[in-house]
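Scroll down for the structure; my scribbles are underneath it.
Note that the structure is a prediction, hence the values are computed from the model and not measured. Heads up: numbering here begins at 1 and tracks the sequence. Both backbone and side-chain heavy atoms feed into the values below; hydrogens, waters and symmetry mates do not. Whatever order the structure lists them in is the order used to number ligands and atoms, beginning at 1.
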Amino acid sequence: MSREPIVQSTTSPVDEEDRALRPQRMEEMIGQREVYARLEIAIDAASKRSEPLGHILFDGPPGLGKTTFAMCIPRNMGVPIQIASGATLKAPKDMLPYLTNAQAGSVLFIDEIHRMPKTVEEFLYPAMEDFRVDLTLGEGVNARTINMRLKPFTLIGATTRTGIISAPLRDRFQMREHLDFYTVDELAQIVVRNAGKLQVEIDAEAAPEVAGRSRSTPRIANNRLRWIRDYAISRADGRITLPVARDALAMQEIDKLGLDRQDRKYLETIARVFDGGPVGVEAVAHTMNIPPDTLVDEVEPFLLRAELVIRTPRGRKLTPAGLEHIGLHRSDLNSGETQSRLFG
Ligand code: ADP
């Protein structure tokens, strides 16, 4: 087995800096301590038994570290990794090269695994369970199935939605880890460390400000840090001070809770068009002219957690805090007042 992971993926130059900020080993990851501790035990036990690590499924909102964990695990184990995306695996034949190329003990990472069609999913079952694939050759009465043995490998899946993964697939993962939002403290540590990697100086009081406005995800913290770095270089002396951070965030219309324009537009749409809800997510998405999946995966998780909106059996509904955040009260709704206050 080679020591250096083989990474099969295409990255654009824009991703280069992103890659530089991504932790290379699990020890470098900040937060998610319980997940880390469980993975460490599983990795240690697998290496002591000289067996491949059991299959692992990560779920949680985007930007919380699913891919980072998936990439760090093989590095920690010193095994190769192949990377695939559920969206591009349209038929079993797309899956076959990954399976046959998998070396003993190596990792196959499938991002957005919920996007695989059923046929691909079913093709994976024997591969996951018995390291075998069943190939059908020929058609009709001449059709026959041959079994092909695979090397024992570890499948790591990532999804923003465990809810839509079928039970048979879900149950074939020995470990299922849910990644939750980060605390401001953890994000501040990430911001400080990554400011170092980006070679920009940051004042101690500025880091929690950036962290607190990051909607609790490391990806957003990194994006905001890079913007503030650019702002500091262009509009100040290159150092990130508290006022520089605040001005840079204000210029991007990021508010005190860290919400951006799209987040506020979501709250405002429910308030203005749907009288505060309850309203189905499709209707909101339609009005905002964005795909419902974007709302569900990227916009809603943080707003739900921040209790600005709640899910009811009849749909999404703004909470008093959600209304207040966009400068409204319950009494403003359905009064004609809403429209003029928000969009007047
Ligand atoms: P996901 O796959 O869940 O969408 P990623 O693993 O791509 O999220 O994480 C997004 C970015 O956030 C990464 O590039 C990395 O820089 C950063 N990141 C994620 N988790 C951590 C962590 N635990 N510690 C430090 N940085 C992290």
Would you call Asp247 and Arg235 a salt bridge, taking side-chain N to carboxylate O under 4.0 Å as the test?
no
State plainly whether the residues Asp59 and Lys66 are in salt-bridge range, i.e. N to O under 4.0 Å.
no
Please list, in number order, the atoms of ligand 1 under 4.0 Å from a heavy atom of Tyr182.
20 (N), 21 (C), 22 (C), 23 (N)
Under a single-linkage definition using a 4.5 Å side-chain heavy-atom cutoff for Ile, Leu, Val, Met, Phe, Trp and Tyr, are Met77 and Ile83 assigned to the same hydrophobic cluster?
yes
Numbering the atoms of ligand 1 from 1, which are under 4.0 Å from a heavy atom of Gly65?
1 (P), 3 (O), 5 (P), 6 (O), 8 (O), 9 (O), 19 (C), 20 (N)
Atom 2 (O) of ligand 1 - nearest protein heavy atom and its distance:
Thr67 OG1, 2.6 Å
In terms of hydrophobic clustering (I, L, V, M, F, W, Y; side-chain heavy atoms under 4.5 Å; direct or indirect links), are Leu21 and Ile233 co-clustered?
no
Electrostatic pair Arg226-Asp18, nearest N-O below 4.0 angstrom
yes
Proximal ligand 1 atoms for Pro62, defined as those under 4.0 Å from one of its heavy atoms
4 (O)
Glu28 versus ligand 1: do any nitrogen or oxygen atoms come within less than 3.5 Å of each other?
no
Report the part of Thr217 (side chain from C-beta onward, or backbone N, CA, C, O) that has a heavy atom under 4.0 Å from ligand 1; answer both or neither where that applies.
neither
Would Ala158 count as a contact residue for ligand 1, given that I'm defining contact as a non-hydrogen atom of the residue lying under 4.0 Å from a ligand atom?
no
Please examine the side chains of His329 and Pro320, heavy atoms only from C-beta on, and report whether any two atoms are closer than 4.5 Å.
no
Assess whether a salt bridge exists between Glu34 and Arg38, defined as any Lys/Arg side-chain N lying under 4.0 Å from an Asp/Glu carboxylate O.
no
Once you restrict to heavy atoms under 4.0 Å, what part of Phe58 touches ligand 1? Side chain, backbone, both or neither.
neither
Looking only at protein heavy atoms, identify the closest one to atom 16 (O) of ligand 1 and say how far it is in Å.
Asn222 ND2, 3.1 Å
Going by distance only, is there an N or O of Gln32 that falls short of 3.5 Å from an N or O of ligand 1?
no
With side chain to side chain donor-acceptor pair (under 3.5 Å) as the criterion, how do Ser106 and Gln82 come out once you've worked through the C-alpha distance, each side chain's angles and the decisive distance to 0.1 Å?
CA-CA 8 Å; Ser106 69; Gln82 300 185 84; 5.2 Å; no
Is the shortest N/O to N/O distance between Gly63 and ligand 1 below 3.5 Å?
yes
Could you tell me the residue and atom name of the protein heavy atom closest to atom 23 (N) of ligand 1, and the distance to it rounded to 0.1 Å?
Ile30 O, 2.8 Å
Tell me the contacting part of Pro23 for ligand 1: side chain, backbone, both, or neither, using a 4.0 Å heavy-atom threshold, strictly below.
side chain
So, applying ring-ring contact (aromatic ring centres under 6.0 Å, His included) with Phe69, which one of Phe58, Phe109, Tyr36 is it?
Phe58
Check each heavy atom of Thr68 against ligand 1 and say whether those closer than 4.0 Å belong to the side chain, the backbone, both or neither.
both
Does Glu28 pair with Arg75 as a salt bridge, N-O distance under 4.0 Å?
no
Run the numbers for me: atoms of ligand 1, each under 4.0 Å from some heavy atom of Ile190, listed by number.
24 (N), 25 (C), 26 (N)
Give the atom numbers and elements of ligand 1 that come within less than 4.0 Å of a heavy atom of Pro218.
12 (O), 17 (C), 18 (N), 19 (C), 20 (N), 21 (C), 27 (C)
Show me which atoms of ligand 1 lie under 4.0 Å from any heavy atom of Leu21.
16 (O)
SB check Arg316 Glu300 (cutoff 4.0 Å)
yes
Write out the residue and atom name of the closest protein heavy atom to atom 14 (O) of ligand 1, then the distance separating them to 0.1 Å.
Arg22 CZ, 3.6 Å
